[in-house]
There are 2 protein chains.
Amino acid sequence: MHGISLDRYDLAILSALQKNSALTNSELGERVSLSPSQCSRRKARLEAEGVIKGYSARLDATSLGFGLRAITRVNLKAHGESMDDDFVTLLTKHAMVREAYSVSGDADYVLHIIAKDLTAFSDFIHHHLLPHPNVTQVRSEIILRSMKEEQGLPVEGG
Amino acid sequence: MHGISLDRYDLAILSALQKNSALTNSELGERVSLSPSQCSRRKARLEAEGVIKGYSARLDATSLGFGLRAITRVNLKAHGESMDDDFVTLLTKHAMVREAYSVSGDADYVLHIIAKDLTAFSDFIHHHLLPHPNVTQVRSEIILRSMKEEQGLPVEGG
DNA sequence: TCCTTTTGCGCACATTCTATGCACTATTTG
DNA sequence: CAAATAGTGCATAGAATGTGCGCAAAAGGA
């Protein structure tokens with residue numbers, strides 16, 4: 001923590017906005033027992049301090065035709081800054097790779113992939129990921145069902 | 001797709017709002033070449049149809065003291081509706097488990113966990129997850145670094 | 001093809017919301 | 001303790017939203 005101090009009002013605001021950022025300052029104020037103008041000011045401060053990084057619409061995958069999600073674990077042959085950069089550039093170029101983490105454990109990277117269907121997913125794996133010169137192993141788990149999906153961080157304040 | 005038809009304006013609106021839902025209708029209109037009022041109407045329609053599920057603030061983990069993220073894979077001993085329900089109830093009860101997916105592959109479930117620190121994470125694993133009667137195996141990968149994090153779905157529209 | 005109906009559009013504007021000055025209160029600092 | 005600073009709600013100017021309206025465009029039917 002870099003000296004940013006958040007009181008219980010801040011935390012309640014953050015929690016409420018993480019769940020629903022379309023709340024008006026008035027609605028927010030009702031939830032956290034502050035006036036609308038104070039909510040506006042605190043919100044602005046939290047934005048300025050980078051605690052709130054931004055706001056996003058949450059979209060329905062099915063409506064948009066995205067029928068497949070997968071968690072894909074990748075191992076690389078060798079590591080070095082340019083090698084990893086090259087691999088990461090590949091990931092960055094493909095919109096279906098939504099998240100990519102370097103991890104400790106069996107795998108080097110864990111990817112979260114969202115594709116239209118199995119064909120699109122398979123195409124990416126076989127035509128782009130596996131042929132990459134530094135990729136030695138790719139293991140994918142298709143998401144069958146989502147049991148829990150909470151937005152963002154475990155902030156409690158509401 | 002349930003007969004919802006989205007034209008290129010809709011897709012552009014969705015893409016823009018997924019990236020930044022704080023855009024005014026006026027700003028949005030500039031991006032997609034429609035009037036502010038038309039943006040307002042389309043947005044309302046997309047919300048009513050469930051294509052837009054809601055809006056969320058994106059919060060900075062470090063500012064809020066969350067220093068550890070992990071991808072945790074879990075295997076269960078036996079499966080059945082009541083057994084899985086019991087396990088899922090456990091996951092639902094713990095705010096640090098942000099996502100939980102039933103998957104095909106080596107593991108039965110993949111969890112995305114966000115904790116304050118290693119102690120909190122380890123506490124959950126050792127005091128809650130591993131002791132669960134139906135849990136046979138737990139393998140965790142700590143996220144060392146995020147290489148890519150795109151919000152939501154790979155919607156392209158401008 | 002033409003005519004009718006339906007849908008989508010921007011304009012204008014009433015209503016709602018936001019952001020900020022102000023005066024007061026509460027908290028912190030020296 | 002007094003002075004300075006920070007936080008607060010009220011009031012309000014300006015910005016934004018949402019909706020009626022008339023027109024244009026698209027769809028449907030003969």
Side-chain angles (χ1 to χ4, degrees), chain A residues 1-60 62-65 151-152 155-158, chain B residues 1-60 62-65 151-152 155-158:
Chain A
M1 287 258 259
H2 358 94
I4 292 187
S5 109
L6 304 171
D7 64 21
R8 68 182 186 87
Y9 289 112
D10 291 328
L11 291 172
I13 286 169
L14 291 172
S15 178
L17 288 177
Q18 184 167 248
K19 290 186 176 70
N20 178 11
S21 66
L23 294 174
T24 63
N25 290 325
S26 182
E27 287 165 335
L28 191 54
E30 277 163 19
R31 283 166 204 226
V32 307
S33 305
L34 283 174
S35 70
S37 63
Q38 197 53 24
C39 289
S40 176
R41 288 194 179 104
R42 282 174 176 250
K43 200 165 120 186
R45 199 196 91 228
L46 293 167
E47 289 164 6
E49 289 172 354
V51 179
I52 296 180
K53 296 193 291 186
Y55 302 94
S56 301
R58 301 194 306 277
L59 310 181
D60 178 57
T62 306
S63 303
L64 287 160
Q151 197 61 29
V155 182
E156 303 300 340
Chain B
M1 287 257 260
H2 0 95
I4 292 187
S5 109
L6 304 169
D7 65 21
R8 66 182 189 87
Y9 290 113
D10 291 327
L11 292 172
I13 285 170
L14 291 171
S15 178
L17 288 178
Q18 184 168 247
K19 292 186 174 74
N20 178 12
S21 65
L23 294 174
T24 62
N25 289 325
S26 183
E27 288 165 335
L28 192 53
E30 278 162 17
R31 285 168 201 226
V32 307
S33 305
L34 284 174
S35 70
S37 63
Q38 198 54 24
C39 290
S40 177
R41 288 195 180 103
R42 281 175 178 249
K43 198 164 121 184
R45 200 196 88 229
L46 293 166
E47 288 163 6
E49 288 172 355
V51 181
I52 296 179
K53 295 193 290 184
Y55 302 93
S56 303
R58 300 193 308 275
L59 310 181
D60 178 57
T62 306
S63 303
L64 287 160
Q151 198 61 29
V155 182
E156 302 301 340

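Computed from a predicted structure; not experimentally measured. In what follows, every chain begins at residue 1, and chains take the letters A, B, ... in the order their sequences are listed.
- Atom CG of B:Leu23 and atom P of D:dA16 are 12 Å apart (whole Å).
- Two residues are said to be in side-chain contact when any heavy atoms from C-beta on lie closer than 4.5 Å; B:Leu46 and B:Leu6 meet this criterion.
- Here A:Ser35 does not reach the OP1 or OP2 of D:dT8: none of its side-chain N or O atoms lies under 4.0 Å away.
- Comparing B:Ser33 and A:Ser26, the nucleotide of DNA chain C nearest to each residue sits closer to the 5' end for B:Ser33.
- Going from atom CZ of A:Arg42 over to atom P of C:dT18 covers 17 Å, rounded to whole Å.
- Applying the side-chain hydrogen bond (donor to acceptor under 3.5 Å, both in side chains) rule to B:Lys43 yields no partners; only residues at least two apart in sequence or on another chain are considered.
- With rounding to whole Å, A:Leu17 atom CG is found 11 Å from C:dT18 atom P.
- Residues A:Pro36 and A:Thr24 are not in side-chain contact: their nearest non-hydrogen atoms beyond the backbone lie 4.5 Å or more apart.
- With a 4.5 Å cut-off on side-chain heavy atoms, B:Leu34 and B:Leu28 do not count as touching.
- A:Asp10 places none of its side-chain heavy atoms less than 4.5 Å from the side chain of A:Val51.
- In this structure, B:Asp7 places its CG atom 14 Å from C1' of D:dA25, rounding to the nearest Å.
- The interatomic distance linking B:Arg45 (CZ) with D:dG18 (P) rounds to 15 Å, in whole Å.
- What separates CG of B:Leu28 from P of D:dG18 is a distance of 12 Å, to the nearest Å.
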Dot-bracket for DNA chain D: what is it, with Watson-Crick or G-U pairs under 3.5 Å, [ ] where a pair crosses earlier ones, and | for a pair to another strand? ||||||||||||||||||||||||||||||

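- In this model, a side-chain donor or acceptor of A:Ser37 finds a partner on the base of D:dC10 within 3.5 Å.
- Here the side chain of A:Leu34 is nearest to one of D:dT17, C:dG10, D:dT8, namely D:dT8.
- For D:dG9, the base has a donor-acceptor partner in the side chain of A:Arg41 [N/O atoms by modelled type, under 3.5 angstrom].
- Between A:Asp10 atom CG and D:dT8 atom C1' there is a gap of 14 Å when expressed in whole angstrom units.
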Using side chain to side chain contact (heavy atoms under 4.5 Å, CB included), reason through A:Arg42 and A:Asp7 one step at a time and then give a plain yes or no. CA-CA 11 Å; A:Arg42 282 174 176 250; A:Asp7 64 21; 2.9 Å; yes

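- Taking only side-chain nitrogens and oxygens, B:Asn25 comes nearer than 4.0 Å to OP1 or OP2 of D:dT17.
- Taking atom CD of residue A:Gln38 and atom P of nucleotide C:dC17, one finds them 19 Å apart after rounding to whole Å.
- In this structure, the side chain of B:Ser56 does not engage the main chain of A:Asn20 through any donor-acceptor pair within 3.5 Å.
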